[in-house]
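All values below were derived from every heavy atom in this structure, side-chain atoms included, with hydrogens, water molecules and symmetry-related copies excluded. Fair warning: this is a prediction, and the values are worked out from it, not measured in the lab.
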Amino acid sequence: MASSGGLSLVRRAVDAVRRTPRWQKRLVVFTVGLGTVTYACQDNQVLQISDGKTGKKKVVILGTGWAGASFLRNIDTSLYDVHVVSPRNYFMFTPLLPSVTCGTVEPRSIVEPIRNIVRKRGGAFRFWEAECFKIDPTSKKIHCRAGDGTNVDGNGEFVVDYDYLVVTVGAKPNTFNTPGVIENCHFLKEVEDAQKIRKSVMKCFEKASLPNLTEEERKKNVHFVVIGGGPTGVEFAAELHDFVNEDLAKLYPDVKKYVNISVIEAGDHILTMFDKRITHFAEDKFKREGIDLKTNFKVVKVSDKTITMTNPATGEIAVPYGLAVWSTGIGTRPIIMDFMKQVGQANRRVLATDEWLRVNGCDNVYALGDCATITQRKVMEDVDAIFRVADKDNSGTLTVKKIKNVLGDIYQRYPQVELYLKTNQMKNFHDLLKDKESEELNIEEFKKALAQVDSQVKMLPATAQVAAQEGAYLADCFNRMNTCEDNPEGPLRIRGAGRHRFKPFRYRHLGQFAPLGGEQTAAQLPGDWVHVGHSTQWLWYSVYASKQFSWRTRMLVVTDWGRRFIFGRDSSSL
């Protein structure tokens with residue numbers, strides 16, 4: 001038996017390698033090999049601790065998520081006295097959280113200690129593991145609370161002053177005030193959440209294996225419900241389906257027939273932020289694999305035994321379940337709600353910032369990531385002033401050459417204009433610019449083409465990609481603050497003289513992935529490139545491995561994937 005088991009293991013490994021294209025094998029070998037050499041050559045540099053008496057401007061960062069870690073990773077700590085306050089002392093690679101729930105990747109493989117990020121760059125900073133519960137922009141102070149209560153008063157509270165504040169506290173799960181969600185559902189925002197889900201999945205299978213249970217009780221115990229058909233919910237459902245069919249079915253053969261995975265979505269379709277081709281493929285694939293997809297169902301109540309939902313056709317129904325994962329979007333943290341009231345932004349969902357990520361209504365405070373959104377100014381509010389500058393003789397016409405110059409200034413000030421005009425290929429707009437550069441065009445005709453943009457403006461999505469780009473952009477602005485003070489590089493000020501110091505933030509969409517299980521991933525990349533299949537899964541592996549914050553985590557993640565290919569996922573309840 002032992003011999004046959006060993007041969008089976010080797011055969012699985014050989015088959016997995018044979019199915020892999022040659023260039024992908026070389027890529028994996030090159031990535032792991034180079035990572036090993038790089039990691040082995042690391043020095044033993046000691047982290048420098050800032051004493052707070054450097055005489056430099058103090059930059060305080062709240063949070064260590066994508067935005068905060070990206071900012072910290074790129075800022076020149078020799079120019080500022082950098083302090084970080086966060087309830088967790090590590091950065092977490094959130095796109096791989098669904099993989100942690102089923103043991104495909106281990107929790108420590110996707111986290112990087114925040115001190116390591118600074119130590120490897122040779123910078124000095126100060127970190128406090130605490131939670132900020134109040135921001136006072138008037139006195140430029142933040143009020144924090146450590147969990148251990150180690151100060152003199154025993155409540156763990158302390159105050160930190162700042163010159164510049166970078167708010168990157170993220171968001172919390174949005175329950176829409178649905179009764180019973182907080183008490184009975186799992187979320188998937190933190191590493192601890194993924195670990196709890198992993199334990200609960202195994203607990204459900206162990207419960208269903210107990211003797212003297214009815215068939216209905218066994219079905220209830222292994223009914224896994226995912227509320228929310230977005231990328232996180234869909235990826236978790238796909239991971240769980242693979243875990244059950246590839247690993248747990250061999251260990252719990254008498255329970256496998258009772259397993260049911262349901263995805264509940266309030267809208268008409270899942271993955272609505274993706275191309276329709278991906279949406280339809282994902283829905284068809286889930287149906288073929290037996291995942292129960294319930295669209296147009298709204299969850300109204302969750303108890304410890306049932307989930308109550310409504311549908312226009314069926315009315316209200318209650319479904320028994322063993323485990324429920326709530327993944328329906330993000331909500332506002334209490335500290336942000338309180339801060340918004342102070343700066344005149346009450347009744348908003350997130351903080352409003354300008355194009356330079358500065359919080360509207362206060363000075364020297366920046367907000368990035370899921371806790372904020374850039375307020376896109378209406379193009380037509382400023383377009384008259386822009387044309388007045390260009391049309392100095394008030395003729396009402398401009399040459400095509402001048403209009404192109406004006407358009408370049410508008411693109412710099414309003415990134416959404418360029419995105420919309422290029423995406424939609426507006427025929428009237430392009431026809432206007434086909435004329436010779438010496439010919440004159442009526443300004444009002446040009447304004448009509450621009451007027452369509454304001455109705456199409458969309459807010460940036462709350463994704464890791466946006467937050468990381470915002471953090472890198474703001475760090476670059478801080479690094480060049482003195483230089484750009486003397487030589488501003490931004491667009492001309494509409495109201496006031498001179499130019500803005502920096503160019504406004506411009507988000508560059510690099511594409512998005514949706515793993516669908518069975519070694520198949522959907523990819524939607526710039527240029528309307530859409531593909532679903534096994535080759536895209538290897539592209540997903542390559543991209544997510546390269547996006548890790550260090551070679552240590554990169555090697556750990558690749559090793560976890562290799563271990564899963566050969567040995568399968570771990571089913572212990574740890």
Side-chain angles (χ1 to χ4, degrees), residues 95-99 101-102 104 188 223-246 259-299 307 309-314 317 319 325-330 419-420 423-425 456 458-466 509-544:
L96 288 180
L97 272 182
S99 298
T101 62
C102 298
T104 305
L188 195 47
H223 183 198
F224 304 101
V225 180
V226 183
I227 301 101
T232 302
V234 168
E235 185 174 349
F236 169 68
E239 278 279 356
L240 182 60
H241 179 269
D242 286 352
F243 186 30
V244 170
N245 287 274
E246 295 175 6
V259 175
N260 182 24
I261 301 173
S262 299
V263 177
I264 302 174
E265 167 58 38
D268 296 331
H269 299 281
I270 60 174
L271 299 177
T272 54
M273 66 293 300
F274 282 81
D275 186 276
K276 290 182 179 179
R277 288 168 287 181
I278 292 178
T279 297
H280 294 321
F281 181 90
E283 291 176 345
D284 292 341
K285 185 176 188 298
F286 274 18
K287 291 175 183 177
R288 288 196 307 270
E289 294 180 345
I291 297 177
D292 185 15
L293 190 59
K294 296 181 180 295
T295 56
N296 291 311
F297 277 87
K298 179 182 178 182
V299 175
I307 296 175
M309 63 188 88
T310 60
N311 176 272
T314 62
I317 58 173
V319 178
V325 175
W326 188 273
S327 178
T328 60
I330 57 175
L419 179 65
Y420 175 70
T423 301
N424 292 273
Q425 298 180 348
Q456 302 294 326
K458 295 181 180 180
M459 296 300 177
L460 294 177
T463 62
Q465 191 175 161
V466 172
H509 186 60
L510 302 176
Q512 52 190 352
F513 292 98
L516 302 176
E519 290 299 304
Q520 289 186 298
T521 290
Q524 183 176 343
L525 303 180
D528 195 35
W529 191 89
V530 174
H531 191 270
V532 181
H534 297 285
S535 59
T536 316
Q537 177 72 26
W538 281 94
L539 177 62
W540 179 85
Y541 284 138
S542 302
V543 170
Y544 276 23

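For the residue pair Arg277 and Val530, the shortest heavy atom distance occurs at NH2-CG2, 3.4 Å. Closest approach of Phe274 to Thr279, counting heavy atoms only: O-OG1, 4.1 Å. Contact between Thr536 and Ala523 at its shortest, heavy atoms only, is CG2-CB, 3.1 Å.
Between Tyr544 and Leu96, the closest side-chain pair of non-hydrogen atoms falls below 4.5 Å. Counting heavy atoms from C-beta outward, Lys294 and Glu265 have side chains that stay 4.5 Å or more apart. Annotation: side chain of Ile261 is not in contact with side chain of Asp292 (no heavy-atom distance under 4.5 Å). At a threshold of 4.5 Å between non-hydrogen side-chain atoms, the residues Val299 and Ile307 count as touching. Looking at Leu271 and Leu516, their side chains come closer than 4.5 Å, going by heavy atoms from C-beta outward. Using a 4.5 Å heavy-atom cutoff, the side chains of Thr101 and Leu188 are in contact. Side-chain atoms of Leu539 and Thr521, non-hydrogen and from C-beta on, never get closer than 4.5 Å to each other. In this structure, Pro461 and Met273 have side chains that are not in contact, with every pair of non-hydrogen atoms separated by 4.5 Å or more.
Between Thr295 and His269, the side chains place no donor N or O within less than 3.5 Å of an acceptor N or O (distance only, hydrogens not considered).
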Begin from the C-alpha positions of Ile317 and Asn311 and carry the test side chain to side chain contact (heavy atoms under 4.5 Å, CB included) through to its verdict. CA-CA 8 Å; Ile317 58 173; Asn311 176 272; over 6 Å; no

Apply the test side chain to side chain contact (heavy atoms under 4.5 Å, CB included) to residues Gln537 and Phe513: give CA-CA distance (whole Å), side-chain angles for both, the deciding distance (0.1 Å), then the verdict. CA-CA 9 Å; Gln537 177 72 26; Phe513 292 98; over 6 Å; no

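In this structure, Glu519 CD and Tyr541 OH are separated by 3.5 Å, a value rounded to the nearest 0.5 Å. Distance check, rounded to the nearest 0.5 Å: CD1 of Ile227 to NZ of Lys298 gives 14.0 Å. In this structure, CD1 on Ile264 lies 8.5 Å from CH2 on Trp326, to the nearest 0.5 angstrom. Put simply, CD on Gln524 and CD1 on Ile278 are 5.0 Å apart, with the number rounded to the nearest 0.5 Å. Residue Met309 holds its CE atom at 13.0 Å from CG of Asn296, rounded to the nearest 0.5 Å.
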Could you go through residues 234-243 and list every donor-acceptor pair under 3.5 Å that involves a side-chain atom there, pairing it with any protein atom two or more places apart or in another chain?
residue : atom : partner : partner atom : Å
Glu239  : OE1  : Thr104  : OG1          : 3.0
Glu239  : OE2  : Ser99   : OG           : 3.1
His241  : NE2  : Asn245  : ND2          : 3.2
His241  : NE2  : Glu289  : O            : 3.2
Asp242  : OD1  : Gly518  : N            : 3.2
Asp242  : OD2  : Gly518  : N            : 2.9

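Ring geometry for Trp529 versus His531: interplanar angle under 30°, hence parallel rather than tilted (30 to 60°).
In the displayed structure, Lys285 atom NZ is contacted under 6.0 Å by more than 12 heavy atoms of other residues, nucleotides or ligands.
Here Phe286 pairs with nothing under the ring-ring contact (aromatic ring centres under 6.0 Å, His included) rule; sequence neighbours left out.
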